[in-house]
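Accompanying notes for the structure given below.
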Amino acid sequence: MSGGNRQRWFLGGIGLLCMGFFFCVVFVTQKAEHDRAVETVKPEEPIQEEEGEEREAKKIALTFDDGPHPVYTEEMLSVLEEAQVPATFFLLGQNIEGNEEVVKDIAEKGHLIGNHTFHHVQITGLPKEQAYEEIDQTSRLIEELTGKGTEYVRPPFGTWNEGLESNLDLIPVMWTIDTLDWTTKNVDAIVNHVVKNAGENDIILMHDSYKSTVQAVERIVSLLKAEGFEFVTVDEVLFD
């Protein structure tokens, strides 16, 4: 091999070695940058809330009118017990007869019991004496069965005479979400209406007299719990 060829071969080899070294450096550098990026950004890891930033649950109350029902109130109690959810039951005096054990069961399971008059009458359309009797008769029945008097009244049709409060020593409780569950057996419609409109400190009006309402409540509780709601009795919404 001539001297010129040996020189060209030597220089070519040096060039290949330099090029290889260059690509090795580039590869190692890019891999190191990639590894650092992977360590820095981990989207699959949940964002941790800082200590002291725990969000407070939004309170909401389920209320049931017109009970006790001989079948569906007990089914409702089972659903609530399974979900560990308290509720408020506004009872009709005329429905208590024959369902005394159901009333006791409501109380024993820790739910709040309220008054819904005896005959589901519009209080504002009655003479005061008759209005008093409608409410007082129901309160006495509830106290006889549970050992505790009622502190809250849900006036039928949402009409109330404020002058009754001083003599009856009861607090009227209205609602913010009316499910109109008594007008439909469409469980999806009831559920969607509540979940769409639910907000903190809302009071939901329902009736423990329908199978469809029992089914709707089971789903409502699950969905709203997932959204951070805490179910409470109406007194906690009104006064906490």
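Quick note: numbers below take in every heavy atom, side chains included, and nothing from hydrogens, waters or symmetry partners.
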Item to complete: Mind checking the OH-CZ spacing from Y210 to F64? Nearest 0.5 Å is all I need.
Response: 13.0 Å
Item to complete: Indicate, with yes or no, if L80 and V195 share a hydrophobic cluster defined by side-chain heavy-atom contacts under 4.5 Å among Ile, Leu, Val, Met, Phe, Trp and Tyr.
Response: yes
Worksheet entry | Step-by-step side-chain contact (heavy atoms from CB on, under 4.5 Å) determination, S139 to L168 | CA-CA 10 Å; S139 289; L168 291 169; over 6 Å; no
Worksheet item: Under the 3.5 angstrom rule, does the side chain of E143 hit a backbone N or O of K148 as a donor-acceptor pair?
Response: no
Worksheet item: Can you tell me if H207 uses its side chain to pair, donor with acceptor, with the backbone of S209 under 3.5 Å?
Response: no
Fill in: Any side-chain heavy-atom pair of L126 and V121 under 4.5 Å
yes
Discussion item. Pair I123, I135 - check side-chain contact (heavy atoms from CB on, under 4.5 Å), show working.
Written reply: CA-CA 9 Å; I123 290 294; I135 295 170; 4.0 Å; yes
Worksheet entry | Any side-chain heavy-atom pair of T88 and I203 under 4.5 Å | no
Discussion item. Is any side-chain heavy atom of W182 closer than 4.5 Å to one of T213?
Written reply: no
Worksheet item: With a 4.5 Å heavy-atom cut-off, do F118 and L141 have their side chains touching?
Response: yes
Fill in: All ring pair (Phe, Tyr, Trp, His ring centres under 6.0 Å) counterparts of H119, not counting sequence neighbours
none
Discussion item. Show the nearest heavy-atom pair for residues N161 and T124, with the distance to one decimal.
Written reply: N-CG2, 4.0 Å
Response to the item:
Between V187 and S212 the two heavy atoms that sit nearest each other are CG2-O, 3.7 Å
Worksheet item: Run the salt bridge (charged side-chain N to carboxylate O under 4.0 Å, His left out) check on E75 and K211 step by step: do they pass?
Response: CA-CA 8 Å; E75 290 187 9; K211 180 69 173 180; 2.9 Å; yes
Fill in: R154 side-chain N/O to V173 backbone N/O, donor-acceptor pair under 3.5 Å
yes
Discussion item. Please determine whether residues L91 and V234 belong to a single hydrophobic cluster, defined as Ile, Leu, Val, Met, Phe, Trp and Tyr linked transitively by side-chain heavy-atom distances below 4.5 Å.
Written reply: no
Worksheet item: If you look at every heavy atom in G114 and I142, which pair is closest and at what distance?
Response: O-CD1, 3.9 Å
Worksheet item: If only atom types and distance count, is the side chain of T138 paired as donor or acceptor with the main-chain N or O of L92 below 3.5 Å?
Response: no
Worksheet item: Do I190 and N186 touch side chain to side chain, with heavy atoms closer than 4.5 Å?
Response: no
Worksheet item: Would M76 and L223 show up in the same hydrophobic cluster when neighbours are defined by side-chain heavy atoms closer than 4.5 Å?
Response: yes
Worksheet item: With side chains defined as the heavy atoms from C-beta onward, is the minimum distance between E108 and T146 less than 4.5 Å?
Response: no
Worksheet entry | Test log, rule salt bridge (charged side-chain N to carboxylate O under 4.0 Å, His left out), inputs K128 and E133 | CA-CA 9 Å; K128 281 188 177 181; E133 182 60 23; over 6 Å; no
Practice prompt. Measure the shortest side-chain to side-chain distance between L77 and I106 over non-hydrogen atoms and say whether it is less than 4.5 angstrom.
Written response: yes
Fill in: F157 and H120 aromatic centres sub-6.0 Å
yes
Practice prompt. Determine the minimum heavy-atom distance between D178 and H193, stating which atoms define it.
Written response: O-NE2, 3.2 Å
Discussion item. If I take atom CD from residue E134 and atom CD from residue Q137, how far apart are they, to the nearest 0.5 angstrom?
Written reply: 7.0 Å
Practice prompt. Without swapping roles, check the side chain of T150 against the backbone of Y152 for a donor-acceptor pair under 3.5 Å.
Written response: no
Item to complete: With sequence neighbours left out, write down each residue that passes ring pair (Phe, Tyr, Trp, His ring centres under 6.0 Å) with H111, or none if nothing qualifies.
Response: F89
Worksheet item: Taking the side chain from N99 and the backbone from N95, do they hold a donor-acceptor pair closer than 3.5 Å?
Response: yes
Discussion item. So, taking the atom named NZ in K225 and the one named CD1 in I220, what distance separates them when rounded to the nearest 0.5 Å?
Written reply: 13.5 Å
Discussion item. I want to check something: taking the side chain as every heavy atom from C-beta on, are V153 and I171 in contact at a cut-off of under 4.5 Å?
Written reply: no
Discussion item. Does this structure show an ion pair linking D202 with K58, if we count only N-O contacts that are shorter than 4.0 Å?
Written reply: no
Discussion item. Could you measure the distance from the CD atom of E151 to the CD1 atom of I113? Nearest 0.5 Å is fine.
Written reply: 12.0 Å
Discussion item. Rounded at 0.5 Å granularity, tell me how far CG in L205 sits from CD1 in I177.
Written reply: 10.5 Å
Worksheet item: Has the side chain of T63 got a donor or acceptor atom that lies under 3.5 Å from a matching backbone atom of I204?
Response: yes
Worksheet, complete the sentence: Shortest non-hydrogen pair, P155 vs H116, comes out as C-CE1, 4.3 Å
Worksheet item: With distance as the sole test, does T73 use its side chain to make a donor-acceptor pair with the main-chain N or O of P70 at under 3.5 Å?
Response: no
Worksheet item: Same cluster or not: are V232 and W175 linked, directly or through other Ile, Leu, Val, Met, Phe, Trp or Tyr residues, by side-chain heavy atoms under 4.5 angstrom apart?
Response: yes
Discussion item. Check whether T233 reaches the backbone of A87 with its side chain - one donor and one acceptor, N or O, closer than 3.5 Å.
Written reply: no
Worksheet item: Got a donor-acceptor contact below 3.5 angstrom from the S222 side chain to the E218 backbone?
Response: no
Worksheet, complete the sentence: In short, G158 meets M174 closest at the heavy-atom pair O-CE, 3.6 Å
Discussion item. Quick check for you: to the nearest 0.5 Å, what is the distance between H69 atom NE2 and D208 atom CG?
Written reply: 8.5 Å
